[in-house]
Amino acid sequence: MRKMPSVDLNYSPLHEIAMGPIKAALMNCAIKYKVFDQLTTPRTPREVAGKLGFHPDNTRRLLDALTTIDLLHKKAGFYCNQPLAQAFLVSDSGTSVSRLMMQTQHEGLNPLEKLEQLVAKGPMGQDEAIDLADEKMWTEEVKSSAGWVFGGVGQLVAGIIAELPGFSSFEKMLDLGCGHGVFSLFILDKNPDLKGVLMDRAPVLDAAAEIVSAYQAKERVDFLAGDYLADQLGAGYDLVYASATLNFALGTLDSLFTKIFHSLKPGGYFVSFQDGMTEEQTKPDTMLGAVIPSMMMGHDYCFPQGMIAETAISCGFQKVRSKTLKTPIGEMDIDICQKGG
Ligand SMILES: C[S@@+](CC[C@H](N)C(=O)[O-])C[C@H]1O[C@@H](n2cnc3c(N)ncnc32)[C@H](O)[C@@H]1O
């Protein structure tokens, strides 16, 4: 008999990777049909199926599976949300990340079925290539991408910015590539005298305006529609904030940072909140969702850690303080750059 193979390692991490899509499909199905909205109080599968017009036995199987992955709690045949699902997956909760979770599988942003072809054949033809700066896409994404800020990151970043020396006397800030604009709302919430200028493409700002109105912040905000690479940014800012947008300026960072520098008051701050890749551009996993778009575009999209700080210094900023923050979607770098007084 041939010798039987033996192994010292456990392949459980590979099994976890392989199960990921199944777990995601179960969660996304429940989000799509607002199952978590039904389970804020304990219910039977028959009650949930009745409310949603679903097949009772398969509803029970779905609820069991959601319990297996720790999103629901089951007792004596009644199911209800675990605290995580209650806080983040009920559709109308202020901290809901439901749309954000589904965005990960957005066909336009991350067409998984194209991966093999992209690896084998390279970037697609121009007619099919993704434009990650496409304003139509970001207008549609405003509500889903707002979730990561509402879900805790807005609070985290605004807390750091509120600690900047002189923050209580700041009068005007610019949010560059603001998207939904929710970071600004969290920052404005920390200082009643501060006004925000939200800059993005016009259709994106229209979508952001709905969120600004919902939070009764219209008087605190001006909208600046334009392209921050080509247009003027305005002047006299105490703070320029840029989150998850400088990827679009990779390659033209010098000219953008020089413009930001001149738009600030003496002593003003430029705060960047971005990915910062380490270990030869392989860690952390925050930007894993950008791998397929990068393959489609045929160019890299992430920042090597330190590039923002170095560019800020070379563009005239006097001091830079950088820190890596743990966020629910992975590590991100905050670079706080100060103009000389
Ligand atoms: C990933 S989203 C980030 C939104 C928000 N800052 C956040 O952190 O959640 C990038 C935003 O940058 C905007 N953007 C990209 N290039 C831009 C440009 N050249 N001028 C103005 N806005 C731009 C996009 O429209 C989009 O709203």
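Just so you know, ligand 1 is whichever comes first in the structure, and atom 1 is the first atom listed for that ligand. Numbers for residues simply follow the sequence, beginning at 1. Being a predicted model, the structure only gives us computed values, none of them experimental. Note that these values count all heavy atoms, side chains included, but never hydrogens, waters or copies made by symmetry.
Taking every heavy atom of D227 and a limit of under 4.0 angstrom, the matching atoms of ligand 1 come to 18 (C), 19 (N), 20 (N). For ligand 1, the atoms closer than 4.0 angstrom to any heavy atom of A244 are 1 (C), 2 (S), 3 (C), 8 (O), 10 (C). Of all atoms in ligand 1, listed by their number and element, those nearer than 4.0 Å to a heavy atom of G226 are 20 (N), 21 (C). Taking a cut-off of under 4.0 Å to the non-hydrogen atoms of T245, the atoms of ligand 1 that pass are 10 (C), 11 (C), 12 (O), 13 (C), 14 (N), 15 (C).
Note on residues 218-243: pairs passing ring pair (Phe, Tyr, Trp, His ring centres under 6.0 Å), not counting sequence neighbours, are F183-Y241. Pairs passing the ring pair (Phe, Tyr, Trp, His ring centres under 6.0 Å) check and including a residue from residues 41-60, sequence neighbours excluded, read Y33-F54.
Surrounding CZ of R46 are at most 12 heavy atoms belonging to other residues, nucleotides or ligands under 6.0 Å away.
What you find for K195 and E219 is that their closest heavy atoms are NZ-O, 3.3 Å. Closest non-hydrogen pair, A309 versus S322, comes out as CB-OG, 3.9 Å.
Heavy atoms of F183 found under 4.0 angstrom from ligand 1 belong exclusively to the side chain. The residue M199 has no part lying near ligand 1, judged by heavy-atom distances below 4.0 Å. Only the backbone of C178 comes within 4.0 Å of ligand 1, counting heavy atoms alone; no side-chain atom from C-beta on gets that close. Residue contacts with ligand 1, taken as heavy atom pairs separated by less than 4.0 Å, involve F248 solely via side-chain atoms from C-beta onward.
Aromatic ring centres of F317 and F261 lie closer together than 6.0 Å.
Residue S145 has no N or O atom closer than 3.5 Å to an N or O atom of ligand 1.
A salt bridge links K23 with E16: at least one charged nitrogen is closer than 4.0 Å to a carboxylate oxygen. Note on K283 versus E331: no salt bridge recorded, every NZ/NE/NH1/NH2 to OD/OE distance being 4.0 Å or above.
By the 4.0 Å heavy-atom criterion, W148 is counted among the residues contacting ligand 1.
In the candidate list L229, L198, D200, D200 is nearest to atom 22 (N) of ligand 1, counting heavy atoms.
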